[in-house]
Colleague: 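I have a structure I would like to understand better, so I am pasting it below and will then ask my questions one at a time.
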Amino acid sequence: MKSTKNSLKNILISLFILFSQVSVFSQPVSATRIFYLKGNLEDKKNAVHQAAGKGDLSLALEALDFTLSLFPLTGDDPDVVALAKEAVVSLKKVPETEDVSQVAGKLGKVFTTFNEESLRISALQSLSSYPSVNTVSIINSFVSEKVQSNALMDQVLLEAIKLLKTNGNKTSFNLLFVADILNLWPDYREQIEDSYGPLANNSEREILNILKTVPMGQKLDVLKIVNQNQQISKNIRGEVAEMALSESIYSIGESADVSLEQVELQLASLQIVADTKWTRAASLATAYFPLARSEYEHEYISREQFAKVISNVCAVASSDTGTILSSYLADLNKQMEAGNAPDETILLSVINALGGLGDKTAFDYLLYVTYLEYPKHVITAARSALAKLKW
């Protein structure tokens, strides 16, 4: 009895398998698929287009595999390229039933295998629909190769750079930022800076590392590039300016020699610190004042530049700023006492700055200005500053 039941069970299982196979093989094959399988390359291209129009992307995927298998034999044959391009363009719409990472891998392989420009551009554009680490890695590797070889700009490279704006990562930022600093593609600077601008706000450490490692002359380029890009946040601009100011000050060390590049970096970075109201650099800015004074007295910077330094230092004043400027006003008063009248532009800058700070430390020195034989408008400025002091 048990043997009979087992036999019956085996028969039922066999029948189930048989009917399942019949069911599979009896499923209708679409006319479009038959057309694709039987047709030449042009027919296959049309079939891919028709199927994609109906939402069926399976033929597009088959066509990618097919054209990739042909490439070692045909290279960039126009008909093969046309079929591959039709498939690539169809896959801008992400298939719902496929492994997205595998589709992206196939698109990436088309990009790295073929050489035909329009096909590679289409592959990049379709890849943008498949954001992933692997997708970005493919584009980064391509751009990196072009940067390292100092290659000429072309439409494929330009498309890759544009795509990194929305799909890039910190590595992408480094590549584009370095290319900009090195001025590899000057005619395309606007597009490059537009692409890495949004990436910069997640690449603060990378910017600071680059600033720290490049030569003094290029530090100014980094500072200017960061400051001019309005997509980069004010905080990052302020932090980069703070480091640039620090680098420009402490690189001098005990040497009495100051290079023009260092002076330019000092003035530019302090200006950005003031413009961004980066108060975290307040103590650094105040510490720079004695050096700026020395540079002015040794004619490394003009009186107009030094006057601007005074106002910029006060824009992010620290608790010591009033004391340091008061001490400088005391020295200017001593010069006047000795019959050596100080430069009025600088004198007025100090007086007005002290009035703006309102630090009562300046009281005695401002009051003494009114006792000396300064021009009337200087004495008036001192009295106005006195009135602004906070008690």
Side-chain angles (χ1 to χ4, degrees), residues 177-186 189 192-193 200 206-230 232 234 236-278 280-318 321 324-325 328 331-332 335 342-350 353:
F177 194 63
V178 169
D180 196 16
I181 294 170
L182 296 177
N183 203 26
L184 291 183
W185 301 298
R189 186 160 220 169
I192 294 169
E193 293 180 353
E206 284 70 22
I207 299 173
L208 295 176
N209 285 339
I210 290 171
L211 177 66
K212 198 170 185 66
T213 56
V214 297
M216 184 61 65
Q218 286 186 330
K219 291 184 193 299
L220 184 60
D221 293 335
V222 172
L223 182 69
K224 288 180 177 177
I225 286 170
V226 169
N227 189 52
Q228 290 167 1
N229 196 317
Q230 294 304 303
I232 299 177
K234 186 177 77 170
I236 290 181
R237 297 204 303 273
E239 188 156 4
V240 170
E242 179 185 0
M243 176 176 275
L245 181 58
S246 176
E247 292 275 311
S248 65
I249 293 173
Y250 297 117
S251 62
I252 296 173
E254 297 179 358
S255 172
D257 294 330
V258 181
S259 70
L260 179 61
E261 291 173 339
Q262 286 171 308
V263 171
E264 287 181 351
L265 186 59
Q266 290 165 3
L267 297 176
S269 54
L270 179 63
Q271 184 65 58
I272 296 170
V273 164
D275 290 343
T276 57
K277 302 295 183 186
W278 189 246
R280 208 179 75 176
S283 295
L284 179 64
T286 299
Y288 165 58
F289 178 78
L291 176 59
R293 174 182 173 178
S294 175
E295 289 171 351
Y296 166 64
E297 291 170 352
H298 288 86
E299 299 183 347
Y300 285 106
I301 61 177
S302 67
R303 66 178 182 180
E304 289 78 16
Q305 288 172 321
F306 186 44
K308 192 64 177 174
V309 166
I310 294 169
S311 63
N312 284 340
V313 167
C314 290
V316 286
S318 72
T321 306
I324 287 178
L325 286 182
Y328 183 49
D331 290 342
L332 296 179
Q335 291 179 31
D343 184 280
E344 279 192 21
T345 299
I346 302 303
L347 178 63
L348 287 171
S349 294
V350 176

Colleague: Distance from Tyr296 atom OH to Ile310 atom CD1, nearest 0.5 Å?
Modeller: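 Answer for the OH-CD1 pair, Tyr296 versus Ile310, is 8.5 Å.
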Colleague: Rounded to the nearest 0.5 Å, what separates atom CG in Leu211 from atom CE in Met243?
Modeller: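 These two atoms lie 6.0 Å from each other.
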Colleague: Is there a side-chain contact between Asn312 and Val273 in this structure, where contact means two heavy atoms from C-beta onward sitting under 4.5 Å apart?
Modeller: no
Colleague: Under the rule for side-chain hydrogen bond (donor to acceptor under 3.5 Å, both in side chains), what residues qualify as partners of Arg280, not counting sequence neighbours?
Modeller: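 Scan of Arg280 (side-chain hydrogen bond (donor to acceptor under 3.5 Å, both in side chains), adjacent residues dropped) gives Glu239, Glu242.
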Colleague: Taking ring-ring contact (aromatic ring centres under 6.0 Å, His included) as the test, write out the residues that go with Phe289, two or more places apart.
Modeller: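 Counting only residues at least two positions away or on another chain, Phe289 forms a ring-ring contact (aromatic ring centres under 6.0 Å, His included) with Phe306, Tyr328.
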Colleague: If we ignore hydrogens and angles and just use 3.5 Å, is the side chain of Lys277 paired with the main-chain N or O of Val316 as donor and acceptor?
Modeller: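 Not at all, since once roles are kept as given, no pair shorter than 3.5 Å links the two residues.
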Colleague: Go through the side-chain N and O atoms of Thr321 and Thr286 and say whether any donor and acceptor fall under 3.5 Å apart.
Modeller: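 Their side chains do contain a donor-acceptor pair, which is all the 3.5 Å distance test asks for.
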Colleague: Between the side chain of Gln262 and the main-chain N/O of Ser259, is any donor-acceptor distance below 3.5 Å?
Modeller: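 Yes: the side chain of Gln262 pairs with the backbone of Ser259.
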Colleague: Let me confirm one number: the OG-CD distance from Ser349 to Glu344, rounded to the nearest 0.5 Å.
Modeller: 11.0 Å
Colleague: Check whether any side-chain heavy atom of Phe177 sits under 4.5 Å from a side-chain heavy atom of Ile225, and report yes or no.
Modeller: yes
Colleague: Compare every heavy atom of Ala241 with every heavy atom of Ser269, then report the nearest pair and how far apart it is.
Modeller: CB-O, 3.4 Å
Colleague: Has the side chain of Gln305 got a donor or acceptor atom that lies under 3.5 Å from a matching backbone atom of Ser302?
Modeller: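 Checking the backbone N and O of Ser302 against the side chain of Gln305, a donor-acceptor pair under 3.5 Å is found.
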Colleague: If you compare all heavy atoms of Ile301 against all heavy atoms of Ala292, which two are closest, and at what distance to 0.1 Å?
Modeller: CD1-O, 3.6 Å
Colleague: Closest heavy-atom contact between Val226 and Ile207?
Modeller: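 Looking at all heavy atoms of both residues, the closest pair is CG2-CG2, 4.0 Å.
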Colleague: Measure from the side-chain N and O atoms of Arg237 to the backbone N and O of Ile272, and report whether any donor-acceptor pair falls under 3.5 Å.
Modeller: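 Answer holds: no.
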Colleague: Any sub-3.5 Å donor-acceptor pair from Lys219's side-chain atoms to Lys212's backbone N or O?
Modeller: yes
Colleague: For residues Gln335 and Asp331, is any side-chain donor paired with an opposing acceptor at under 3.5 Å?
Modeller: no
Colleague: Decide yes or no on side chain to side chain contact (heavy atoms under 4.5 Å, CB included) for Cys314 and Leu325, but give the supporting numbers first.
Modeller: CA-CA 9 Å; Cys314 290; Leu325 286 182; 3.3 Å; yes
Colleague: Rounded to the nearest 0.5 Å, how far does CD of Gln218 lie from NZ of Lys224?
Modeller: 13.0 Å
Colleague: Could you go through Leu260 and Tyr300, starting from their C-alpha distance and side-chain angles, then the distance that decides it, and tell me whether this counts as side chain to side chain contact (heavy atoms under 4.5 Å, CB included)?
Modeller: CA-CA 8 Å; Leu260 179 61; Tyr300 285 106; over 6 Å; no
Colleague: Measure the CH2-CG distance between Trp278 and Leu245 for me, rounded to the nearest 0.5 Å.
Modeller: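 It comes to 13.5 Å.
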Colleague: Is there side-chain contact between Leu223 and Asn227, with heavy atoms separated by less than 4.5 Å?
Modeller: no
Colleague: Does any non-hydrogen side-chain atom of Leu291 lie less than 4.5 Å from one of Glu295?
Modeller: yes
Colleague: Looking at every heavy atom in both Ala307 and Ile346, which two are closest together, and how far apart are they?
Modeller: N-CD1, 3.9 Å
Colleague: Can a salt bridge be assigned to the pair Glu297 and Arg293 using a cut-off of 4.0 Å between side-chain N and carboxylate O?
Modeller: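 Answer for the salt bridge query: yes.
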Colleague: Has Glu299 got more than 12 heavy atoms of other residues, nucleotides or ligands less than 6.0 Å from its CD?
Modeller: no
Colleague: Would you name the heavy atoms of Ser248 and Leu265 that are closest together and state the gap between them?
Modeller: CB-CD2, 3.7 Å
Colleague: Say whether Asn229 and Glu193, considering side chains only, have a donor N or O and an acceptor N or O under 3.5 Å apart.
Modeller: no
Colleague: Got a second to check how far Arg189's CZ is from Gln228's CD, nearest 0.5 Å?
Modeller: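 Interatomic distance, Arg189 CZ to Gln228 CD, rounded to 0.5 Å: 8.0 Å.
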